[in-house]
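Only one structure is covered here, and it is reproduced in the block below.
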Amino acid sequence: MELQQMRYVIAVAEMSSFTRAAQRCLVVQSALSHQIARLEKELGARLFERTSRRVRLTPAGAAFLPAARQCLDAAERVAAEVAAAVGEVRGRLAVGLIPTVAAVDVPAALREFHQRHPKARISLTVGASDELAEQVRQGDIEVAFLGTPVTARPRGVMARKLAEERLVAVVSPDHPLTDETSVDLRRLSSEVFVDLPTKTAGRAQSDLAFTAAGLTREVAFEVTNADYLARLVGAGLGVALLPPTYAEGLTGMTTIEVTDAPARAEYVIWGRESRAPAANAFLELLGIEEE
């Protein structure tokens, strides 16, 4: 069983097509099909059901796929460790971040990392803090940048706090609140809000603040993406509480100080298990020493 055969199987499973898998792997389709057929003969089981309309995994293929991914990850890790031993960083660096991260200029950090280590492959995942933390715990992402309520610290991972900041109210230019220099949570509680979904870390910081003040508010619009959240605010559909450093980059919006605003903390996190050379190099670039 060869690593290349495993790569071909993974590509076909992910693309649901032999043609697209061959294009991704930069081989002719006949060569890819031949290698998968050889592997199926060696295993004594078909890995794919092929029809004129679709390709899908058989039960045997579904059982083979996670093991193949583990083997490829292990092989890549070995190659990366050997390269690191002679001073070269290679392999995968998987980074996750929330859209509103501001304590670190992530694109600039990745640019510098790529300049230093051009043979490393970088993947970037944008998501919610809770989801990213779980992916770090599972080992799917090496490093992630999160935002949480100041009372909550990421669990099950290594973490370094980067910054704290108090949220500001963001409204459309024609909103009545634009005449105010500052407001408090009691004043805001009478407004309609646009916010992230309930039970997410980004939503929790605001919910906790209103609850602590003995107030309730109406969240009429829940959005999973911070950028689209800002678009709804700009359309005049409601008020949002956002980090000031993120709000500064929004065009056509008005920001207002909130005297008793909730605060959020930004963290960089990484796994507790031994890290790959690329992750170590990236954390070193961020000024985070081995812990």
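Here, residue 1 is the first one in the sequence, and each next residue gets the next number. Because the structure is a prediction, the values reported are computed rather than measured.
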Checklist entry - Does E40 use its side chain to pair, donor to acceptor, with the backbone of L47 at less than 3.5 Å? => result yes
Checklist entry - Are the side chain of R203 and the backbone of L196 linked by a donor-acceptor contact shorter than 3.5 Å? => result yes
Item to check | S129 (side chain) donor-acceptor with G147 (main chain) under 3.5 angstrom | outcome: yes
Next on the checklist: Check this for me, if you would: do R38 and E42 make a salt bridge, where the nitrogen-to-carboxylate-oxygen distance has to be below 4.0 angstrom?
Outcome noted: no
Item to check | Heavy-atom donor-acceptor pair, R137 side chain to G156 backbone, under 3.5 Å | outcome: no
Checklist entry - Pairs in or reaching into residues 12-38: which pass ring-ring contact (aromatic ring centres under 6.0 Å, His included), with residues at least two apart or in two chains? => result F18-F48
Checklist entry - Do V157 and Y267 touch side chain to side chain, with heavy atoms closer than 4.5 Å? => result no
Checklist entry - Can you tell me if Q135 and T125 form a side-chain donor-acceptor pair at under 3.5 Å? => result no
Checklist entry - Would R187 and S190 count as having a side-chain donor-acceptor pair, cut-off 3.5 Å? => result yes
Next on the checklist: With rounding to the nearest 0.5 angstrom, report the CG to CG distance, D260 to D184.
Outcome noted: 5.0 Å
Checklist entry - Does E266 reach the main-chain N or O of A103 with its side chain, forming a donor-acceptor pair under 3.5 Å? => result yes
Next on the checklist: Measuring from atom CG of L241 to atom CD of E191, what distance do you get when rounded to the nearest 0.5 angstrom?
Outcome noted: 11.0 Å
Next on the checklist: Grouping I, L, V, M, F, W and Y whenever their side-chain heavy atoms are under 4.5 Å apart, do F282 and L132 come out in a common cluster?
Outcome noted: yes
Next on the checklist: Does atom CZ (R186) have a neighbourhood of more than 12 heavy atoms from anything else shown, all under 6.0 Å?
Outcome noted: no
Next on the checklist: Taking CZ in R69 as the centre, count heavy atoms belonging to other residues, nucleotides or ligands within less than 6.0 Å. Is the count above 12?
Outcome noted: yes
Checklist entry - Rounded to the nearest 0.5 Å, how far apart are OG1 of T100 and CZ of R264? => result 3.5 Å
Next on the checklist: Let me confirm one number: the CG-CG distance from D105 to L110, rounded to the nearest 0.5 Å.
Outcome noted: 9.0 Å
Checklist entry - Under 3.5 Å, side chain of E112 to main-chain N/O of A109, donor-acceptor pair present? => result no
Next on the checklist: Consider side-chain contact (heavy atoms from CB on, under 4.5 Å). Of V170, V192, L177, V194, which one does V239 pass it with?
Outcome noted: L177
Item to check | Donor-acceptor contact present, side-chain E49 to main-chain T58, <3.5 Å | outcome: no
